[in-house]
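All values below come from the heavy atoms of this structure, side chains included, with hydrogens, waters and symmetry mates left out.
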Amino acid sequence: MEGLHDGIPSLGDIAFKAAASVSRIKRVFKERFHQSILQYDMEKRLEGSLTILEGGGMSIKQVSHHFGFKTPAHFTQRFKRHFGVTPSQYRKNYFSKISERNLG
């Protein structure tokens with residue numbers, strides 16, 4: 001999870017460090033994790049964004065930038081596709097549940 005907002009190294013860099021071909025790296029990764037490296041990276045960045053959204057200290061734009069999305073709209077689109085709600089809706093629901101726990 002460390003450094004997710006910096007993006008992943010290039011496949012060429014990964015292959016060089018592992019002393020393997022790019023195609024082998026892709027194949028072994030997919031066999032092990034049942035998804036491509038890019039899908040895995042996207043999933044981990046989206047999951048990492050949850051903690052920041054729950055903290056409430058950053059705007060959606062700042063969160064999207066922090067996790068390497070080119071635009072807040074792209075972040076919102078990917079987030080909604082993955083979690084079924086927009087980042088704003090997620091944050092609102094999260095804080096509503098916290099308030100309900102504190103009141104109840």
Side-chain angles (χ1 to χ4, degrees):
M1 293 293 290
E2 188 173 315
L4 284 176
H5 58 279
D6 296 330
I8 60 173
S10 72
L11 289 178
D13 290 343
I14 294 169
F16 178 77
K17 288 180 183 180
S21 69
V22 170
S23 61
R24 178 159 170 75
I25 294 294
K26 287 179 179 180
R27 187 177 72 252
V28 169
F29 190 94
K30 190 155 191 163
E31 287 170 3
R32 169 96 170 134
F33 296 99
H34 309 290
Q35 59 188 339
S36 74
I37 293 171
L38 293 177
Q39 289 169 326
Y40 180 87
D41 173 63
M42 179 63 67
E43 181 179 290
K44 294 303 172 193
R45 289 189 294 145
L46 290 169
E47 289 172 359
S49 72
L50 295 176
T51 303
I52 306 262
L53 289 168
E54 290 166 4
M58 284 187 181
S59 68
I60 302 300
K61 182 178 179 179
Q62 290 169 320
V63 174
S64 70
H65 178 72
H66 181 78
F67 283 95
F69 291 89
K70 293 186 183 199
T71 66
H74 182 235
F75 170 61
T76 297
Q77 175 191 34
R78 292 295 187 138
F79 191 97
K80 185 170 183 177
R81 187 180 303 162
H82 189 77
F83 295 112
V85 294
T86 67
S88 298
Q89 290 168 327
Y90 177 83
R91 180 179 270 170
K92 182 179 177 183
N93 293 342
Y94 176 79
F95 285 113
S96 291
K97 287 178 186 176
I98 295 295
S99 294
E100 288 173 13
R101 282 187 214 149
N102 291 337
L103 294 174

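From Thr86, atom OG1 reaches atom NZ of Lys92 across 10.0 Å, with rounding to the nearest 0.5 Å. Here Thr76 contributes atom OG1 and Gln89 contributes atom CD; the two are 9.5 Å apart, rounded to the nearest 0.5 Å. Atom NE2 of residue His82 and atom CD of residue Glu47 lie 5.0 Å apart, to the nearest 0.5 angstrom.
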Report the C-alpha separation of Ser96 and Asn93 in whole Å, then their side-chain angles, then the decisive distance to 0.1 Å, and conclude whether the side-chain hydrogen bond (donor to acceptor under 3.5 Å, both in side chains) test is met. CA-CA 5 Å; Ser96 291; Asn93 293 342; 5.4 Å; no
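Phe83 meets the ring-ring contact (aromatic ring centres under 6.0 Å, His included) test with Phe79; sequence neighbours excluded. Listed by chain and residue number, Phe69 satisfy the ring-ring contact (aromatic ring centres under 6.0 Å, His included) test with His74 (two or more places apart in sequence, or in another chain). Among residues two or more places apart in sequence or in another chain, the side-chain hydrogen bond (donor to acceptor under 3.5 Å, both in side chains) test is passed with Thr71 by none. Applying the side-chain hydrogen bond (donor to acceptor under 3.5 Å, both in side chains) test to Gln62 and every residue at least two apart in sequence or in another chain returns Ser59. Remark: Glu43 engages no residue in a side-chain hydrogen bond (donor to acceptor under 3.5 Å, both in side chains) (not counting sequence neighbours).
Shown here for Gly56 and Arg91, the closest heavy-atom pair between the two residues is CA-NH2, 3.9 Å. Of all heavy-atom pairs spanning Phe75 and Ser64, the tightest one is CB-CB, 3.4 Å. The minimum heavy-atom distance linking Gln35 with Tyr40 is given by the pair NE2-CD1, 3.5 Å.
Annotation: side chain of Leu50 is not in contact with side chain of Tyr94 (no heavy-atom distance under 4.5 Å).
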Under 3.5 Å donor-acceptor pairs involving side-chain atoms of residues 14-28, not counting sequence neighbours:
{"unit_1": "Ser21", "atom_1": "OG", "unit_2": "Ser23", "atom_2": "OG", "d": "3.2"}
{"unit_1": "Ser21", "atom_1": "OG", "unit_2": "Arg24", "atom_2": "N", "d": "3.1"}

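Of the possible polar contacts, one joining the Ser49 side chain to the Leu46 backbone as a donor-acceptor pair under 3.5 Å is found.
Thr51 and Glu54 are not linked by any side-chain donor-acceptor pair at a separation below 3.5 angstrom, with hydrogens and angles left out of the test.
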